[in-house]
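Keep in mind that this is a model prediction, so the values were computed, not measured.
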Amino acid sequence: IRDSTVAVREGLTETVQYLRRDWLGQPLSHRLMTNGFSMSDSQHGSRRYMGLYAHWAATLHPRMQSALLISYGLGNTAHSLTQLPGLREIDVVDISRDILALAEVPYPGDANPLRDARVRVHVDDGRYHMQASTRRWDLITSEPPPPRAHGVVSLYTQDYFHLVRSRLNEGGLVTYWLPVHDMTAADAKAILRGFCNAFTDCALWAGYGLNWMMTGSRNARAP
């Protein structure tokens, strides 16, 4: 097994770096680093729990037609969304133009989810994008960096979760990352309380290891 740097891009606010893990000369996985901090990877466990954010929602909402993804990252969740044939519109929002520009590193060619005809890319702050939009979606899914990262804590607040709920269609669902591996128990409980105050049918699911998933809805009726 060998790790190597395969892409580096200097942006306005961060240095984006991709590492690739090879075995017997073939790529096994990629890891996205920003400013030296590991943000996401494409190992089997990561693809498994990020896929859950799309496929869990599709199971409970079989007529799901629109989805909003806030924070593109490495692209695993976006790739899972493009695997859902029922979706007609997929909006992807990320504040980093440089991360989006490197989307073909882990997903080259036609595998790049941003090439899907249903995908619309927005270089924007996720919170502002929803505040400025009058649109609503059947699914809003988000995996922003952990709240300790600079400028991210506002995406884990009760006010923000209320904003997310207001942008759901009736019966719409939300799936949201809870990175308990990178927070104290008190922080995790505070975020959960804020989320459940916004979504009275909130639930907590095990994704993979300590990468958990918070879920809620806007008056969904599915069991």
query = Do Tyr156 and Ile95 sit in the same hydrophobic cluster, where Ile, Leu, Val, Met, Phe, Trp and Tyr count as joined when their side-chain heavy atoms come under 4.5 Å apart?
reply = no
note = Rounded to the nearest 0.5 Å, the CD atom of Glu14 sits from the CZ atom of Phe37 at a distance of 13.5 Å
request  = Measure across Leu81 and Ala54 and return the closest heavy-atom pair with its distance rounded to 0.1 Å.
outcome  = CD2-CB, 3.6 Å
inquiry  = Determine whether a donor-acceptor pair (N or O, by modelled atom type, separation under 3.5 Å) exists between the side chain of Ser42 and the backbone of His30.
reply    = yes
inquiry  = If the test is side chain to side chain contact (heavy atoms under 4.5 Å, CB included), which one of Met213, Met183, Glu143 qualifies with Leu178?
reply    = Met183
ask   = Looking at CZ of Arg63 and CD of Gln65, how far apart are the two atoms once the value is rounded to the nearest 0.5 Å?
value = 9.5 Å
ask   = Please walk me through it: do Asp116 and Arg118 pass salt bridge (Lys or Arg N to Asp or Glu O under 4.0 Å)?
value = CA-CA 5 Å; Asp116 191 290; Arg118 299 166 294 170; 2.9 Å; yes
key: Tyr176 and Leu155, any side-chain heavy atoms less than 4.5 Å apart   = yes
Rounded distance [0.5 Å steps], OG1 in Thr141 versus CG in Leu68 = 9.0 Å
remark   = When every non-hydrogen atom of Thr157 is compared with those of Val153, the smallest separation belongs to CG2-O, 3.4 Å
task = Please check if atom OH in Tyr128 has more than 12 non-hydrogen atoms from other residues, nucleotides or ligands closer than 6.0 Å.
result = no
query = For Glu170 and Asn219, does a side-chain donor sit closer than 3.5 Å to a side-chain acceptor?
reply = yes
key: Asp3 side chain reached by Leu19 side chain, heavy atoms, under 4.5 Å   = no
Short side-chain to backbone donor-acceptor contact, Ser217 and Gly171, under 3.5 Å = no
request  = Report yes or no: does Arg167 contribute a side-chain atom to a donor-acceptor pair with the main-chain N or O of Ser133 at less than 3.5 Å?
outcome  = yes
query = Rounded to the nearest 0.5 Å, how far does CG of Leu100 lie from NE2 of His122?
reply = 11.0 Å
message = Please check if the number of heavy atoms outside Arg135 that lie under 6.0 Å from its CZ is greater than 12.
response = yes
Pair His55-Ser80, side chain to side chain contact (heavy atoms under 4.5 Å, CB included): steps then yes or no = CA-CA 7 Å; His55 295 290; Ser80 296; 4.0 Å; yes
message = Run the side chain to side chain contact (heavy atoms under 4.5 Å, CB included) test on Arg218 and Asn169 for me, step by step, so that the C-alpha distance in whole Å, both residues' side-chain angles and the decisive distance to 0.1 Å come before the verdict.
response = CA-CA 7 Å; Arg218 182 172 178 140; Asn169 286 323; over 6 Å; no
ask   = So which heavy atom on Leu173 is nearest to which on Ala220, and how close?
value = CD2-CB, 4.1 Å
task = Answer whether the closest heavy-atom distance between the side chains of Val174 and Phe195 falls below 4.5 Å.
result = yes
ask   = Less than 4.5 Å apart, any side-chain heavy atom of Trp205 and any of Thr175?
value = no
query = Any ion pair linking Asp41 and Arg21 (charged N to carboxylate O, less than 4.0 Å)?
reply = no
inquiry  = Evaluate Ser142 against Ser71 for side-chain hydrogen bond (donor to acceptor under 3.5 Å, both in side chains), listing each step before the verdict.
reply    = CA-CA 6 Å; Ser142 185; Ser71 189; 5.9 Å; no
key: pair His79-Met50: side-chain heavy atoms closer than 4.5 Å   = no
inquiry  = Quick check: do Pro144 and Tyr160 have side-chain heavy atoms less than 4.5 Å from each other?
reply    = no
message = If we count only N and O atoms by modelled type, under 3.5 Å, do the side chains of Arg31 and Ser38 hold a donor and an acceptor together?
response = yes
query = Taking all atoms of both residues into account, what is the closest heavy-atom pair of Pro146 and Asp182, and its distance?
reply = CB-OD2, 3.1 Å
key: In one Ile/Leu/Val/Met/Phe/Trp/Tyr side-chain cluster, 4.5 Å: Leu12, Val16   = no
query = Is there a chain of hydrophobic side chains (I, L, V, M, F, W, Y, each step under 4.5 Å between heavy atoms) that links Val152 to Leu163?
reply = yes
key: Verdict with reasoning, Tyr53 to Leu139, per side chain to side chain contact (heavy atoms under 4.5 Å, CB included)   = CA-CA 10 Å; Tyr53 288 67; Leu139 168 65; over 6 Å; no
Inter-residue atom distance Asp187.CG - Arg148.CZ, 0.5 Å rounding = 9.0 Å
inquiry  = Does Tyr18 have more than 12 heavy atoms from other residues, nucleotides or ligands lying within 6.0 Å of its OH?
reply    = yes
message = For a 4.5 angstrom cut-off between non-hydrogen side-chain atoms, does Met39 reach Leu74?
response = no
Option from Val93, Ile70, Asp159 for which side chain to side chain contact (heavy atoms under 4.5 Å, CB included) with Arg127 holds = Asp159
key: Close side-chain approach of Met214 to Cys202, heavy-atom, < 4.5 Å   = no
From CA spacing to verdict: side chain to side chain contact (heavy atoms under 4.5 Å, CB included), Phe199, Val164 = CA-CA 10 Å; Phe199 297 95; Val164 171; 4.2 Å; yes
query = Looking only at atom types and distance, does a side-chain atom of Asp94 sit under 3.5 Å from a main-chain N or O of Tyr72, one as donor and one as acceptor?
reply = yes
remark   = Rounded to the nearest 0.5 angstrom, the CG-CG distance for Leu32 and Asn76 is 10.0 Å
query = Considering residues, nucleotides and ligands other than Arg48, do more than 12 of their heavy atoms fall under 6.0 Å from its CZ?
reply = no
request  = May I ask you to decide if the ring planes of Trp177 and Tyr49 are parallel, tilted or perpendicular, using 30° and 60° as cut-offs?
outcome  = parallel
